[in-house]
Amino acid sequence: MFKQFLLIVLLLNTLIGMAQVSDDQLANEYFQNGEFDKAALYYEKLFDEVPSSFYFERLFGSYLGQDKINEAEQLIKKHIRRNPGQLTLRIDLGQLYASQDKRNDAEKEYDKVLKDLESNRGAIVSVARKFTQIGENKYALKTYEKGQQLINGFNVFNYELAELYGQMGEYDKMVELYLQLIETNAGYAQSIQNALNRNFDFDEPGENITALKNGLLKKIQKDPGNGVFSEMLIWLYLQQKDFYGAFIQTKALDKRQNESGSRLIELGRLYLNNEAYKLAEKCFEVVADKGASSTQYYVAQTLRLHTKKVALEADTTSGTPDWEDLALTYEAYLNKEGLTDRTQRSLRQLAEIKALRLNQLDEAIALIEQLLQIPRLSETAIAKAKIDQGDYYLMNDEVWEAALLFGQVEKMFKYDQLGEIAKFKYGKIGYYTGDFQWAKAQLDVLKGSTSKLIANDAMYISLLITDNSTIDTTIIPMQRFANADLYFAQKRYDESIALLDSINQAYPGHSLADDILFMKYKIYLSQKKYDEAAIQLEAIIANHSSELLGDEALFYLGDLYAHPLNNTEKAKTYFEKLLSQYPGSVFVAEARKQFRMLRGDQIN
């Protein structure tokens, strides 16, 4: 008997619950559809059963949606009586009066709210924000002022008041309050910068930017020893992309605080990454001018030379005389400072210039030999030098010397990315020399590399070998292609192109057709024949877009048009195609970044 009674009770509860869910769903559906008369019928019932804030707001909204002002007023008064401590309800009542042009009645309710405020920070902020939401900024200010009287903490509402003044367009007051906070505790600087980033458009100078800059300059003049305001001014210049202004301010701060130059080094690196090469070089020069006694001297000198090199690489008009001058600059530095662990990076870069830019391979190899004789070199520095030397031996057609060096580095760094780079280059030796199956076995191991680019390149060559060296296909085109690739690595460009063209002539329509186009693109790019390079990529997109190189061709074509060819619209078109047609491509992240930069978006 008891079990039967229990089942009946459970069944009734379930039915009531189902009815409740049904009423909730119907009320919400009517409300969302703007059928407020029907919604009100359900919400009246629901609110009587459960007088929650949600049901109150929905019922209140349903009455207002029908212009039933009296019902809405009676409802809110009833809810206030039930919840006398919920001050935001009085603001809702005041807003209802204001909507009926009963300004005096509205202000009476607002004044009651101010009168009943208690020393609860969260409640005060909630009331002030409610006033702000309905456009009553004057009362929001009064709320915070009353809150400051109730809570005697210094600057207790500065952050909220500053935001409010910003919304009201009173930027001087906003800045004053923000800077007071920072003056009290420098730890506030980051959160205030975040707030300014959300609310300011730094690309459009206005009164707010002017107020911030003037406020910071006043603080710096008043207390030059307090670096936090100088740092914030530097931050402001960087947001505005006023790189020169940031450099001048950083230089002044470094001098004023008698620093080692680390701040300028950091700024120079930022400029280098943003391709502001002249200013990056200035940053490094200021630190280098401090002399060898400075802890940052060798870092600055190395980065100064590196910046000159990167700038020359980016200059599409640079030629052999420019590289000869730069080599002399490197040599002068190395002759002055000697060959040590602190100058070895610059020595490696000089060897690279000799090999890749001046075609002085024997000198490049000799420089690396000198580097390897430097005492107390780190294993990483030795490995990088050996990889470079292997590259130069390969270019000099000393293939097995190169293989020996790559093999040594692979063993030194078996479980490191340096080891993976060496293994990849070692595997390519087999590919160059026609030992395709051995090369494939080496490269297949790298498909799981932590470096996506190494994994991608290894997979590409492995697939190339699989598709073009099977039993039922002639191996001659693949051998010619690998030889052409070796000639390209050796900068024997004309011989490489001739060999590639011979494949097309002897084996028209061969599966290597898109690979031949891509290698010719790389050759023309190295020769700075940008229009010819673009033609090769366009042919891949037109005729081989579904094959392995489709996404790569789109990316590099976008890059070509963005930089040396300076056709922004075409560049954007190709980057956009890559993003939409190849969402899983390894190039997607960089393509998206380039596209946004070309579109003028601010990149953080």
Side-chain angles (χ1 to χ4, degrees), residues 52-54 56-61 63-65 67-181 188 191-192 195-196 198-200 206-208 211 215:
S52 67
S53 295
F54 175 77
F56 160 72
E57 287 169 7
R58 283 299 179 89
L59 182 54
F60 187 62
Y63 285 150
L64 292 179
D67 290 326
K68 291 187 174 182
I69 304 301
N70 289 333
E71 286 86 341
E73 183 178 345
Q74 293 307 311
L75 173 67
I76 196 167
K77 285 180 176 178
K78 179 181 178 181
H79 202 49
I80 288 170
R81 286 193 295 272
R82 283 179 174 173
N83 303 276
Q86 198 171 332
L87 299 182
T88 53
L89 291 172
R90 290 196 174 278
I91 299 175
D92 288 331
L93 181 58
Q95 186 185 15
L96 185 65
Y97 288 144
S99 69
Q100 301 170 72
D101 294 326
K102 297 178 180 179
R103 186 64 196 176
N104 289 337
D105 290 340
E107 291 190 353
K108 283 179 184 177
E109 293 302 322
Y110 298 155
D111 289 336
K112 285 179 187 176
V113 171
L114 294 177
K115 181 174 176 292
D116 291 344
L117 275 177
E118 296 179 355
S119 57
N120 181 315
R121 191 182 189 284
I124 291 166
V125 171
S126 178
V127 166
R129 285 182 176 163
K130 182 73 174 181
F131 276 129
T132 304
Q133 287 169 10
I134 65 171
E136 294 286 353
N137 289 331
K138 181 181 77 172
Y139 273 97
L141 282 173
K142 286 182 177 182
T143 301
Y144 286 128
E145 287 166 359
K146 177 73 178 291
Q148 286 175 324
Q149 295 170 14
L150 294 169
I151 303 173
N152 295 321
F154 184 61
N155 297 333
V156 68
F157 293 110
N158 272 30
Y159 193 87
E160 290 81 8
L161 275 166
E163 282 194 331
L164 181 56
Y165 279 128
Q167 292 170 24
M168 295 168 68
E170 296 187 40
Y171 299 117
D172 289 332
K173 290 181 179 179
M174 173 199 71
V175 168
E176 183 183 350
L177 289 170
Y178 275 145
L179 299 188
Q180 276 181 16
L181 274 174
Y188 282 114
S191 59
I192 287 169
L196 293 171
R198 286 194 302 271
N199 299 317
F200 279 22
E207 291 179 30
N208 51 0

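- Counting heavy atoms of neighbouring residues, nucleotides and ligands inside a 6.0 Å radius, atom NZ of Lys108 does not exceed 12 of them.
- When every heavy atom of Lys146 is checked against every heavy atom of Lys115, the shortest pair comes out as NZ-O, 3.7 Å.
- The heavy-atom pair separating Ser191 from Tyr159 by the smallest distance is O-OH, 3.7 Å.
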Applying side chain to side chain contact (heavy atoms under 4.5 Å, CB included), run through Lys130 and Thr143 and close with a yes or a no.
-> CA-CA 10 Å; Lys130 182 73 174 181; Thr143 301; over 6 Å; no
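- For the residue pair Leu150 and Leu117, the shortest heavy atom distance occurs at CD1-O, 3.7 Å.
- Remark: Glu118 CD is loosely packed, at most 12 non-hydrogen atoms of other residues, nucleotides or ligands lying under 6.0 Å away.
- Using the six-membered ring where Trp is involved, His79 and Phe56 have ring planes that are parallel, under 30° apart on the 30 and 60° scheme.
- Taken to the nearest 0.5 Å, the CD atom of Glu163 stands 4.5 Å off from the OH atom of Tyr178.
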Pair Tyr63-Ile69, side chain to side chain contact (heavy atoms under 4.5 Å, CB included): steps then yes or no | CA-CA 7 Å; Tyr63 285 150; Ile69 304 301; over 6 Å; no
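- With rounding to the nearest 0.5 angstrom, the CD atom of Glu176 is 9.0 Å from the CG atom of Asn158.
- A salt bridge links Glu160 and Arg121; the closest N-O separation between the charged side-chain nitrogens and carboxylate oxygens is under 4.0 Å.
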Where do Gln148 and Leu161 land on the side chain to side chain contact (heavy atoms under 4.5 Å, CB included) test, with the steps shown first?
-> CA-CA 11 Å; Gln148 286 175 324; Leu161 275 166; 3.6 Å; yes
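- Under the ring-ring contact (aromatic ring centres under 6.0 Å, His included) criterion, Tyr97 pairs with no residue at all, not counting sequence neighbours.
- Surrounding CD of Gln100 are more than 12 heavy atoms belonging to other residues, nucleotides or ligands, all under 6.0 Å away.
- When all heavy atoms of Tyr110 and Gly94 are compared, the pair lying nearest together is OH-C, 3.3 Å.
- Judged by distance alone, the side chains of Asp111 and Tyr139 do bring a donor and an acceptor atom under 3.5 Å apart.
- Minimum interatomic distance between Val175 and Gly215 (heavy atoms only, all atoms of both residues): CG1-CA, 4.1 Å.
- Taken to the nearest 0.5 Å, the CD1 atom of Ile134 stands 6.0 Å off from the CD1 atom of Ile91.
- The distance from the CD atom of Glu71 to the CG atom of Leu64 is 10.5 Å, given to the nearest 0.5 Å.
- Put simply, the side chain of Ser126 never gets that close to the backbone of Gly122: no donor and acceptor are under 3.5 Å apart.
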Check the pair Asn208 / Asn199 against side chain to side chain contact (heavy atoms under 4.5 Å, CB included), numbers first and verdict last.
-> CA-CA 10 Å; Asn208 51 0; Asn199 299 317; over 6 Å; no
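- Residues Ala140 and Thr132 come closest through the heavy atom pair CB-OG1, 3.6 Å.
- Using a 4.0 Å cut-off between a side-chain N of Lys or Arg and a carboxylate O of Asp or Glu, Arg103 and Glu136 qualify as a salt bridge.
- Counting heavy atoms from C-beta on, the side chains of Glu73 and Leu93 come closer than 4.5 Å.
- The closest donor-acceptor contact from the side chain of Lys173 to the backbone of Tyr165 lies at 3.5 Å or more, if one exists at all.
- Note on Glu109 versus Lys112: salt bridge recorded, some NZ/NE/NH1/NH2 to OD/OE distance being below 4.0 Å.
- Put simply, CD on Gln95 and CD on Gln133 are 9.5 Å apart, with the number rounded to the nearest 0.5 Å.
- Distance OG/Ser53 to CZ/Arg58: 13.0 Å, rounded to 0.5 Å.
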